[in-house]
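Below you'll find the structure, written out as structure tokens, and then a few comments.
Sequence lines set the chain letters: A, B, ... in the order given, protein chains first and strands last, and positions in each chain run from 1.
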Amino acid sequence: MSEIPKKYKHLEVEEKWGEKWEKWGIHSWDPDRGRDETFVVDTPPPTVSGALHVGHVFSYTHQDLIVRYQRMKGKNIAYPMGWDDNGLPTERRVQNLLGIQCNPHLPYDKDWKPERKKASDKSVEEVSRLNFIEACSGITEEDEQAFEHLWRRLGLSLDWNQQYATIDEHCRKVSQLSFLDLVEKDQVYNVESPTMWDIDFKTAVAQAEVEDRPRNGMFHDIRFGVEGGGELLISTTRPELLAACIAVVAHPTDERYQDLFGKFAITPLFGARVPIVPANHADPEKGTGILMVCTFGDSMDVEWWKQSGLAVKQVIGRNGRLLPVEFGSEPFASIDPGKAETAWARLEGLTANQAKKVSAELLGEEGSFVDGHSSAMPDEPRPVEQVVKFYEKGDRPLEFVTTRQWFVKILDYKEELKKQGEKIKWHPSYMRSRYQNWVEGLNQDWCISRQRYFGVPFPVWYPLGSDGEPDFSAPIFADPEMLPVDPLSTPAPGYSEEQRDVPGGFSGEPDVMDTWATSSLTPQIQSHWGVDPEKHSKLFPMDVRPQSHEIIRTWAFYTIVKAWMHEREIPWKHVVISGWILDPDRKKMSKSKGNVVTPEDLLTEWSSDAIRYWAARARLGADTAFDPGVFKVGRRLAVKVFNASRFVIMQLDRGAGAGSYPGVENITEPLDIAMVGKMRKVINQSAAAFESFDYAAALQVSEEAFWTFCDHYLELVKIRSYMDEDTPARRSALAGLAWGLKTFLKLLAPFLPFMTEEVWSWRFSGEGRDRSVHTSAWPSIEEVSEVPSPLHEETFNAAVEVLGEIRATKTQDQKSLRWPVNRLSVTASREQLDALAPVFDDVLMAGNVVPDAAETITGEPGEDRKFLVVLELAEEREES
RNA sequence: GCCCGGUUAGCUCAGUUGGUUAGAGCGCCUGCCUUACAAGCAGGAAGUCAUAAGUUCGAGUCUUAUACCGGGCACCA
């Protein structure tokens, strides 16, 4: 039996329990238990190259609350930790930290070692692909350690034996298996077509990674000639794409342009002859009602071009600069190639933004092919508010560039995917509509290839013709036994390394998969789909996917896609969505706004339990303010657990001897019975809340009951438990205290894992499951099935109310609460007095009323139906 | 334009199927060293439940509309 400390030192205690839990292995998944008794969590793998954020603490705590409850319910918990280290964020971080850039044409240098450079050093070193990948791996390892340290301090009950990283061998293997399975099922294809392209990262991006940003654009009215005479005026914000114009369109019903349909327009500057045709997407209300279609200004252009059969005029290159163009022949035919070339000479090589200005100048000067006008711009450009698509991590607008990419077919399956969403339970339920909205709005297949280096390679090669050109229509796929494979270091099946990149040989696919192509497989990764069928059957489909709402359209959606395509299954039964942390201005807290607080500092200052309490108060899905006021309340609750437990255990040790406390069969006194009666409700409500993932409601009901237990029950039972003789009354008090405290420690254990474990260890720790409060059985009303129900429902409240009146009188009289009462009379209805009678003696003792100086009077209840309490305080107080 | 949340005390939030006088904590004010806890305890002040109409014997709760805040989707020459 340990000595009970007087003060709580959270840093020491938290470290102690972190180590013990690890040593005991109480968070480990047991592979021998069946699916039915297992609770499986699809833990979000954080982007390790991002900053540790208080938002992480918030949402990971939510998962842990649910997990800890399920563990106490006896479930075998599968709660792994994954790290999302592959992909762009890591590449960016490595480029910045080490000042390196990948040049895939350089050979591997085995002597090269990554070194951090000084912030002032702006130089950039080029390294080979493999050196670059090594550097990325090194940096992510450091980052992962920082996360792990925070997770352990926060008390997340993760199974550290079950870890994965999205770039590790296992994840590469599963990702490639997934790809090959989709090839087999004919759900992927590669095609050369216009794709959204980030000109800075020089990679394709998927629809889900695109965000709209408002921008101030300029409408340019441009004068086009009409073949056979006449002119028309189109409005555009992208004059720099004029050379890419392939047609001019207006709405089929637009009166103004009926005569022009079927004719050809002549573009200014470049003299291209383009058809004038009707198109439904032209809005007569907007601009001049007639517009140019370019390859490609926006997604409408792409769509219209696809059904037009016209050739592409690509003028924007992969770096966002205007490409060299030869005028005079298809597709850049011109009625005046010389003039076109002169104009283009001033544009070629410029960025889109620079070209916009220069184009306007050129148009204003001499661009027109219309008789009687030298200028092709009758008016100055006018400002217009527009919305432009950006890659979510990018700084410049996306362009549509024609490239060869791999796609997963999702557009064909919108209905099926919506149905999958309906089979899953969303918490809160309204989050389902975000998923449904997204699926309904899909307009592109899922582009999974990225022109990056630190990612999972495609297990694909292409045969080279005698001309050395790859045949993309006949890709060579890896055999599953080869996985994971890097097609740039391993030759294609049936070829030798000498045949790489030579005519008649083969060439490896240089692209890597998008991060989401891997993280969409977290259930399959954890369950070893395709690798270990038995393990897979024990872990899949999973129970719960915790995540935040901004990645419903990516992580949740793609995971649902993969589970459906591979096995026609839902990946998990429940999705639980955490909200965001808002700063006091109600804006999302983010690194860029500079208002991020370091999580480690918070834990040090307030204790892990206090921070967990704050997170636990937020309902699922609700955005929550960063509020130190709530940390304080959490700390107060933890300290209260500490002090109340000290008191209860001191009473128990004194009255019954350390460790051998009276059991619940001794609970015979009406007050104690009434306390048990109240607790039955609390136990039921808390469990019901946890079953529906509403940890916040569970906390609320347990917390409130605990304060009542401390402020009222402990006060009322105190004097009886002080008694020196071993009477049934005292035994009942001690039994009530012991059961009550133990029950509260369990109810609060998910929220305050450190404090409750600390207190549990003083006297309640036992054998087997009872070694830790966190593996002990969740409270059940079965434990107190022998304790009778209270005779009156209101007994406990009556005691609290009358004692409250006594305390109020003393306080208003500026006397201490132990001040003696000489006389007391309580007037109330028959019914109220019946409720009070069994606990009246406890009330008198707690109120320090002189024995035999109290009376109860049956009368009309007061207007407020409260007890009418009249008392006379002692004049003097004896010094003790 | 379509869709989803939210609006309750100065602040942060509860408020089940409609049911007496709308709750808690923080903050504020007053008092109290009380054989667990001053990191405490007791008490107090403080709300036109965003607005309007409706349903009802009765609305914070249900319906409709509006306003504001936040978010999602679509469109965006």
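The side chain of A:Trp438 approaches B:rA74 more closely than any other nucleotide in the set B:rA74, B:rA36, B:rG71. Comparing atom distances between the A:Trp580 side chain and each of B:rA36, B:rC41, B:rG71 picks out B:rG71 as nearest. Among the nucleotides B:rC76, B:rA39, B:rG43, the one closest to the side chain of A:Arg636 is B:rA39. You'll find that the side chain of A:Val639 is closest to B:rA39, out of B:rC76, B:rC73, B:rA39. Minimum atom distance to the side chain of A:Phe647 is reached by B:rA36, of the listed B:rA36, B:rG43, B:rC76. Of the candidate nucleotides B:rC76, B:rG71, B:rG43, B:rC76 has the atom nearest to the side chain of A:Val387. Checking B:rA74, B:rC76, B:rC73 against the side-chain heavy atoms of A:Ser299 singles out B:rC76 as nearest. Listed nucleotides: B:rC76, B:rA14, B:rA36. Nearest to the side chain of A:Gln700: B:rA14. Residue A:Val633 has its side chain nearest to B:rG25 when only B:rG43, B:rG25, B:rA14 are considered. Ranking B:rC32, B:rC4, B:rA36 by closeness to the A:Ser816 side chain, first place goes to B:rC32.
As the counterpart of B:rG27, no nucleotide is assigned, since no Watson-Crick or G-U wobble pattern has both distances under 3.5 Å. Figure legend. B:rC32 is base-paired to B:rG40; pairs are counted as Watson-Crick or G-U wobble with both atom distances under 3.5 Å. Across all strands shown, B:rC75 has no partner, as no Watson-Crick or G-U wobble contact with both distances under 3.5 Å is found. Across all strands shown, the partner of B:rG70 is B:rC4, judged by Watson-Crick or G-U wobble contacts whose two distances both fall under 3.5 Å. The nucleotide B:rU16 finds no pairing partner, because no Watson-Crick or G-U wobble arrangement with both distances shorter than 3.5 Å includes it. Across every strand in view, B:rG54 sits in a pair with B:rC62 that passes the Watson-Crick or G-U test at under 3.5 angstrom. In this structure, B:rG47 makes no Watson-Crick or G-U wobble pair, since no nucleotide meets both defining distances under 3.5 angstrom.
Not a single donor-acceptor contact under 3.5 angstrom links the side-chain atoms of A:Asn443 to the base of B:rC73. One donor-acceptor pair, N or O on each side, does fall under 3.5 Å between the base of B:rC37 and the side chain of A:Lys640. Evaluation of atom-type donor-acceptor distances gives a pair under 3.5 Å for the side chain of A:Asp212 against the base of B:rC76.
Following rounding to the nearest Å, A:Arg635 (CZ) and B:rG25 (P) show an atom-to-atom distance of 18 Å. For the pair A:Arg215 CZ and B:rC76 P, the computed distance is 17 Å after rounding to whole Å. Remark: P of B:rC33 and CH2 of A:Trp819 are 9 Å apart, rounded to the nearest angstrom. Here B:rC75 presents its C1' atom at 14 Å from CG of A:Leu291, a figure rounded to the nearest Å. In this structure, A:Ile581 places its CD1 atom 13 Å from C1' of B:rU12, rounding to the nearest Å. Distance A:Tyr435 OH to B:rC4 P: 18 Å, rounded to the nearest Å. Here the C1' atom of nucleotide B:rC73 and the CZ atom of A:Arg553 are 9 Å apart, to the nearest Å. In this entry the distance linking CZ of A:Arg646 with P of B:rA39 reads 14 Å, nearest Å.
Backbone-only engagement by A:Asp711 is indicated by non-hydrogen atom pairs under 4.0 Å involving sugar-phosphate atoms exclusively. A:Glu715 comes within 4.0 angstrom of a nucleotide base, judged by non-hydrogen atoms across all strands. A:Cys294 comes within 4.0 angstrom of nothing in the nucleic acid, heavy atoms only. Using a 4.0 Å heavy-atom cutoff across all strands shown, A:Gln685 reaches no nucleic acid atom at all. Backbone-only engagement by A:Met300 is indicated by non-hydrogen atom pairs under 4.0 Å involving sugar-phosphate atoms exclusively. Residue A:Trp426 is classed as having no contact, given no heavy-atom separation below 4.0 Å to the nucleic acid. Among the atoms of the strands shown, none is found under 4.0 Å from any heavy atom of A:Arg238. Among the heavy atoms of the strands, none lies under 4.0 Å from A:Gly287. At a threshold of 4.0 angstrom between heavy atoms, the contacts of A:Gln814 are confined to the sugar-phosphate backbone, with no base atom among them. Among the protein residues, A:Phe642 comes within range of no part of the nucleic acid, since none of its heavy atoms lies under 4.0 Å from any strand.
Note on A:Glu440 versus A:Lys418: salt bridge recorded, some NZ/NE/NH1/NH2 to OD/OE distance being below 4.0 Å. A salt bridge links A:Glu399 with A:Arg238; the closest basic N to acidic carboxylate O contact falls under 4.0 Å.
Ring to ring, A:Phe709 and A:Phe744 are close: their centroids are under 6.0 angstrom apart. Under the 6.0 Å cut-off for aromatic ring centres, A:His549 and A:Trp580 qualify, their centroids lying closer than that. A:Phe647 and A:Tyr713 have their aromatic ring centers separated by at least 6.0 angstrom.
Between A:Phe642 and A:Tyr8, the ring-plane angle classifies as tilted under the 30° and 60° cut-offs.
Considering A:Trp762, A:Phe754, A:Trp760 in turn, A:Trp762 is the only one that fulfils the side-chain contact (heavy atoms from CB on, under 4.5 Å) rule with A:Glu758. Checking each of A:Thr236, A:Val249, A:Val248 against A:Leu291 for a side-chain contact (heavy atoms from CB on, under 4.5 Å) leaves exactly one that passes, namely A:Val249.
OP1 or OP2 of B:rC13 has not a single side-chain nitrogen or oxygen of A:Arg617 nearer than 4.0 Å. Under 4.0 angstrom from either OP1 or OP2 of B:rG27 there lies at least one side-chain N or O belonging to A:Lys632.
Where A:Arg619 and A:Lys810 each meet RNA chain B at their nearest nucleotide, the meeting point lying more 5' is that of A:Arg619. Nearer the 5' end of RNA chain B, as judged by each residue's closest nucleotide, is the contact made by A:Val648, out of A:Val648 and A:Val388.
For the C1' atoms, the distance linking B:rU20 with B:rG60 amounts to 16 Å, nearest Å. B:rA22 and B:rU48: their C1' atoms are spaced 13 Å apart (whole Å). To the nearest whole angstrom, the two P atoms, one in B:rC75 and one in B:rG58, are 49 Å apart. B:rA59 and B:rA52 have their P atoms separated by 14 Å, given to the nearest Å. Rounded to whole Å, the C1' atom of B:rA46 lies 14 Å from the corresponding atom of B:rU8.
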Between A:Gln832 and A:Ser829, is a side chain to side chain donor-acceptor pair (under 3.5 Å) present by the stated rule, with each step listed?
-> CA-CA 5 Å; A:Gln832 285 172 290; A:Ser829 71; 3.1 Å; yes
